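Written out below as structure tokens is the structure these notes cover.
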Amino acid sequence: MTSIAIVGAGPQLGLAIARTFGSRGFDVALISRNRDKLDGLVSTLTTEGINAAAFPADVLDRDGLTQALKDAATHFGGIDVLEYSPVGTFGVTALTAPTTTEPSHVEFEMNFQLYGAIAATQAVLPAMREAGAGTLLYTTGAGSIWPDPRVANVNAAAAALRNWVKNLHKELADAGTGVQAAHIGIDSSIGVSVIPGLEAAKPEQISPLYWEAHTTKRDEAELVFRLGDEGFPRG
């Protein structure tokens with residue numbers, strides 16, 4: 001069996017990605033902070049005939065995140081696809097404009113987005129390279145590509161993650177590893193609009209893009225979702 005680990009799994013995009021891969025025979029490892037919420041997602045997927053298991057971890061706890069991924073790999077016999085898309089908690093995550101941004105505002109987002117992604121990658125990539133196959137997918141808002149000054153601190157960290165992923169894609173491709181790495185940029189809110197003027201998309205509209213990145217578009221370093229123009233590739 002093949003498996004996907006979804007870091008930042010929740011009831012919106014994470015669940016949709018789990019269904020997209022799980023309906024195609026993938027086992028699903030769900031990773032996020034809240035055990036109770038994870039158990040609810042596992043129950044939902046199980047009733048749909050998808051084999052899923054919960055591995056609680058906080059992306060800010062890199063050792064805990066690494067252990068959760070190792071536990072998932074042991075449970076399912078390996079991790080074939082890593083999807084990284086943690087979402088901050090409303091009311092806790094600060095959203096700052098450039099002129100009001102303090103170093104701490106960016107530092108938190110870097111820990112949350114970039115450093116967590118690097119830790120997750122280090123946990124699964126060695127086995128993928130040994131197997132000569134695997135997929136690494138990293139999600140940010142499209143502000144990593146087209147900055148929005150209302151969320152400048154989040155954009156700064158997301159842009160750093162995007163840059164790192166595109167470099168990772170090139171390194172792995174040039175070395176002929178068989179491992180795909182890609183950035184997924186989402187130019188919409190998900191489920192409900194949280195930023196004025198940014199239209200919301202249904203998670204089910206977005207999740208097929210991840211399957212394409214894993215299968216038919218493995219040569220692409222980046223795919224971008226836009227409502228009405230789902231899944232076009234960019235550089």
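Here the structure is a predicted model, which is why all the values come from computation and not from measurement. Values reported hereafter were calculated over all heavy atoms of this structure, with side chains retained and with hydrogens, waters and symmetry mates removed.
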I want to check something: taking the side chain as every heavy atom from C-beta on, are [X] and [Y] in contact at a cut-off of under 4.5 Å?
X	Y	value
T177	E171	no
H183	T140	yes
E102	N153	no
T139	E83	yes
W164	T121	yes

How long is the straight-line distance from [atom2] of [Y] back to [atom1] of [X], given to the nearest 0.5 Å?
X	Y	atom1	atom2	answer
L41	S32	CG	OG	7.0 Å
I184	Y84	CD1	OH	15.5 Å
L30	D39	CG	CG	9.5 Å
L65	Q122	CG	CD	10.5 Å
I79	T2	CD1	OG1	10.5 Å
N163	L168	CG	CG	11.5 Å

> Where does the angle between the aromatic ring planes of W211 and F26 fall among parallel (under 30°), tilted (30 to 60°) and perpendicular (over 60°)?
Replying inline: perpendicular
>> Regarding Q67 and D71, do their side chains bring together a donor and an acceptor under 3.5 Å, going by distance alone?
In response: yes
>> So if I apply the side-chain contact (heavy atoms from CB on, under 4.5 Å) rule between L82 and each of I4, I6, V124, L125, which one comes out positive?
In response: V124
Is a side-chain donor or acceptor of [X] paired with a backbone partner of [Y] at a separation under 3.5 angstrom?
X	Y	answer
N51	D27	no
T46	V42	yes
Q180	E220	yes

Distance-only check: which donor-acceptor pairs under 3.5 Å involve side-chain atoms of residues 13-23, not counting sequence neighbours?
unit_1: R19; atom_1: NE; unit_2: E48; atom_2: OE1; d: 3.0
unit_1: R19; atom_1: NE; unit_2: E48; atom_2: OE2; d: 3.2
unit_1: R19; atom_1: NH2; unit_2: E48; atom_2: OE2; d: 2.7
unit_1: T20; atom_1: OG1; unit_2: A16; atom_2: O; d: 3.0
unit_1: T20; atom_1: OG1; unit_2: S207; atom_2: OG; d: 2.9
unit_1: S23; atom_1: OG; unit_2: R19; atom_2: O; d: 2.8
unit_1: S23; atom_1: OG; unit_2: T20; atom_2: O; d: 3.2

Identify each donor-acceptor pair in which a side-chain atom of residues 128-136 lies under 3.5 Å from a protein atom, sequence neighbours left out, and give them as a table.
unit_1: T135; atom_1: OG1; unit_2: H214; atom_2: ND1; d: 2.7
unit_1: T135; atom_1: OG1; unit_2: R218; atom_2: NH1; d: 2.7

> A29: what forms a side-chain contact (heavy atoms from CB on, under 4.5 Å) with it, not counting sequence neighbours?
Replying inline: A5, F55, A72, F76
Least distance between heavy atoms, [X] atom then [Y] atom:
X	Y	result
N34	D36	OD1-N, 3.0 Å
R33	P56	O-CB, 4.3 Å
P147	I145	CD-O, 3.5 Å
R35	A54	NH1-O, 4.1 Å
L223	A213	CD1-CB, 3.6 Å

